[in-house]
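Below, all heavy atoms of this structure are taken into account, side chains as well, without hydrogens, waters or symmetry copies. Since we're looking at a predicted model, the values are computed, not measured. Start at 1 and go down the list; that is how both ligands and their atoms are numbered.
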Amino acid sequence: MADDSSQLTPPRGRPAVLFPLFAGVETLPGIGPRAAEGLAGLGVTRPRDLILTLPQNGISRRAIDRLSEARPPEVISITLTISRHLPPSGRGRPWRVVTSDGTQDLTLVFFHAKEAWVTAQMPVGGQRIVSGKIELFDGLAQMVHPDHILAVGAQPLAAFEPIYPLSGALTQRVVANAAEAALGRVPPLAEWIDAALLAREGWPAFDAALAAAHAPGSRAALAPTDPARARLAYDELFAHQLTLALLRRERRRAPGRASPGDGRLRAKALSALPWGLTAAQERAVAEIAGDMAAPMRMNRLLQGDVGSGKTLVAWLALLIAVEAGGQGVLMAPTEILARQHAAGLAPWAEAAGVRVATLTGRDRPDARAQILADLAAGLIDVLVGTHAVFQEAVQFADLRLAVIDEQHRFGVAQRMALGAKGGVPPDVLVMTATPIPRSLALTQFGDMELSVLDEKPPGRQPITTTIVPDSRREDIIARLGKALSEGARAYWVCPLVEESEVSDLTAAEERFRNLRAIFGDSVRLVHGQMPAEARDAAMADFASGRANLLVATTVIEVGVDVPAATIMVIERAESFGLAQLHQLRGRVGRGTGASFCILLYQPPLGETATRRLGILRETEDGFRIAEEDMAIRGAGDAIGTAQSGLPRFRIADLERQSNLMALARSDARALLEGDPQLASSRGQAARHLLWLMEQDKAIRLIAAG
Ligand code: ADP
Ligand code: MG
């Protein structure tokens with residue numbers, strides 16, 4: 001798995017029985033420097049890597065007795081008699097060998113063949129088993145470079161031949177032979193999978209599963225659902241989840257604070273709200289309160305679709321920290337969001353009698369100094385800000401809870417920096433705006449506890465989504481004008497022309513000038529490059545209704561909350577990712593008015609783009625959209641490969657085996673609960689698995705006790 005610990009020396013103590021699997025690949029038969037280079041191209045540097053590199057494909061090799069049974073083009077095996085050799089008729093022409101099955105001829109064709117080799121391989125009058133693809137060329141049967149030429153009586157060819165991935169100078173035969181030898185080095189290992197699970201799934205033992213997966217008997221055996229492959233996938237996932245479970249236990253052992261709130265501030269806050277909590281919010285708050293009251297450090301992920309009301313949950317959690325006599329901090333990924341949170345929390349804070357301050361990195365020096373002093377003195381209860389709150393100078397009197405909003409924009413490193421802020425690390429609540437498919441959530445955040453807001457506040461109306469070609473833009477603008485004149489508020493999101501902010505900007509500025517010329521000075525522009533004051537002013541105008549059309553780049557993607565806005569136009573929608581479109585659309589449909597989302601596209605739409613936009617029209621369910629997004633883009637991309645930090649599995653397929661991931665997680669936690677030292681025979685076996693799967697972090701944690 002991709003893991004920073006691969007940079008470090010591996011921990012000591014690898015079991016001796018595994019040594020042969022961790023030797024260099026050159027110790028395998030047939031692997032010299034060139035083949036080793038090819039294998040390295042596949043990420044294979046040790047026999048251990050090779051046993052986990054399974055054939056991706058296979059060809060059936062039908063054995064036939066007569067050439068007349070062949071259905072060219074088809075891969076066949078047949079016994080033939082060599083009739084004669086036809087040397088090349090000129091430079092660059094092939095060497096040809098005419099063979100016969102007794103009634104019909106087949107010409108074997110060899111380019112760049114050495115005479116000595118062909119004549120030795122196929123002596124005239126001799127018989128050979130020949131296998132390869134038979135084709136018709138000018139009506140005559142021929143076979144170019146047979147895959148196999150064997151003496152009669154040799155070991156029969158498999159009817160289904162595995163195809164390995166190749167790279168560099170590798171050939172199928174070299175990889176297959178090396179893999180076979182590598183499999184021979186797998187020692188007998190005790191079973192680490194729970195016996196009942198193994199029986200229920202009908203999985204083979206580890207060594208049998210490897211053998212079967214490397215020798216598929218048919219196309220069906222290549223499917224991830226094949227018992228051998230499923231078991232090996234499970235082994236990878238189980239090892240990963242065992243690591244996460246160990247990390248989780250480690251954290252839970254580390255000192256934390258018990259922050260039992262008395263409910264006093266929460267009661268005040270709730271009584272000032274015009275509505276009650278949704279059942280999902282209620283549940284999430286109870287889970288958080290339970291964690292915070294316990295003397296362990298909380299590490300919880302709050303997942304909720306756009307508009308599900310995460311902010312209120314965060315606020316109630318912050319109030320618990322204050323009720324317990326401490327402080328809380330809420331971090332947003334952008335300045336706009338930090339300001340919005342601060343503004344949104346202000347009335348709630350007043351209702352609860354809680355002191356909130358904002359820190360964003362562009363505060364006036366004297367104001368900043370005052371805030372820092374008040375924080376350190378405990379005069380501020382809740383700090384809201386951007387990553388500026390991570391800075392060295394920011395010291396709290398008694399920080400008990402850190403809430404990180406929209407986690408995707410924050411690196412894991414920042415999450416860690418917070419934990420390291422002197423004294424007992426605070427409880428951590430991470431909120432994600434983008435619903436993450438369950439399997440990914442378990443993979444990436446498997447060491448965290450999970451709360452899900454799977455319900456939206458009542459009274460929301462569905463958003464009507466339409467997909468419109470750009471040629472009808474004038475038409476859309478005219479209808480927009482009508483809606484605006486009737487009091488509507490709308491966003492107009494500009495295309496992501498290229499990766500760079502600069503080109504986004506040109507497009508946004510141009511659209512802004514264009515729309516302003518039509519609608520006058522109630523149009524505003526926001527983008528990431530403009531001075532913060534101007535941006536705040538534009539946002540404030542739009543929020544208050546002084547402006548009714550906001551032209552924007554994707555800076556408004558995350559979290560912006562103006563419930564009165566009901567129209568979202570997205571230009572060149574096909575250039576955005578699905579999750580991003582869902583986030584953008586989530587800026588409307590937040591109040592009680594009926595909302596509309598217009599996805600403008602530039603024809604022609606490709607197949608994938610059509611499918612993506614179609615999903616948006618069909619559903620508003622962020623979890624479904626996330627699953628579809630993952631199916632279309634692949635697991636790594638669905639949450640942005642660069643930041644994802646997702647482990648790379650050799651066999652397991654996160655998209656198709658999410659159920660296995662969930663199983664592995666509960667199994668791993670159960671194993672550790674029943675056998676904290678991994679001392680039982682199953683625990684010992686699991687240690688071998690961790691070594692095999694190179695879960696170095698886990699191994700260090702076990703070693704540490
Ligand atoms: P998100 O989960 O996208 O961050 P927000 O926290 O911004 O969602 O909430 C979306 C909107 O719903 C806000 O205007 C918020 O005030 C409102 N809201 C939150 N909880 C409730 C509730 N229980 N009932 C009604 N409205 C709510
Ligand atoms: Mg939010």
Option nearest atom 2 (O) of ligand 1 (shortest heavy-atom distance, choices Gln583, Gln340, Gln281, Lys310): Lys310
Pick from Arg460, His341, Glu455, Gln303: the one approaching atom 11 (C) of ligand 1 most closely through a non-hydrogen atom: Arg460
Asp561 contact mode with ligand 1 (heavy-atom cut-off under 4.0 Å): side chain
Charged N-O contact under 4.0 Å between [X] and [Y]:
| X | Y | result |
| --- | --- | --- |
| Glu486 | Lys482 | yes |
| Arg572 | Glu574 | yes |
| Glu620 | Arg585 | no |

Using a strict 4.0 Å cut-off to heavy atoms of [X], name the atoms of ligand 1 that fall inside it.
| X | result |
| --- | --- |
| Thr311 | 4 (O), 5 (P), 6 (O), 7 (O) |
| Asp305 | 2 (O) |
| Thr278 | 23 (N) |

Contact check: Gly307 vs ligand 1, nitrogen or oxygen atoms, below 3.5 angstrom: yes
Polar atom proximity, Leu312 to ligand 1 (N or O, under 3.5 Å): no
Trp348 and Trp315 aromatic ring geometry - parallel, tilted or perpendicular at 30°/60° bounds: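 Rings of Trp315 and Trp348: tilted, 30 to 60°.
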Solution key, residues 317-328 side-chain donor-acceptor pairs under 3.5 Å, sequence neighbours excluded:
unit_1 : atom_1 : unit_2 : atom_2 : d
Glu323 : OE1    : Asp262 : N      : 3.1
Glu323 : OE1    : Gly263 : N      : 2.7
Glu323 : OE1    : Arg266 : NE     : 3.3
Glu323 : OE1    : Arg266 : NH2    : 2.8
Glu323 : OE2    : Leu265 : N      : 3.1
Glu323 : OE2    : Arg266 : N      : 2.9
Glu323 : OE2    : Arg266 : NE     : 3.2
Gln327 : OE1    : Ala397 : N      : 2.8
Gln327 : OE1    : Asp398 : N      : 2.7
Gln327 : NE2    : Leu375 : O      : 3.0
Gln327 : NE2    : Ile380 : O      : 2.8

For the student: nearest non-hydrogen atoms of Ala488 and Thr566, plus distance: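 So the two residues come closest at CB-OG1, 4.2 Å.
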Any Ser308 heavy atom less than 4.0 Å to ligand 1: yes
Whether Gly276 lies under 4.0 Å from ligand 1, heavy atom: yes
Salt bridge (Lys or Arg N to Asp or Glu O under 4.0 Å) partners of Arg339, counting only residues at least two apart: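 Residues passing salt bridge (Lys or Arg N to Asp or Glu O under 4.0 Å) with Arg339: Glu335, Asp536.
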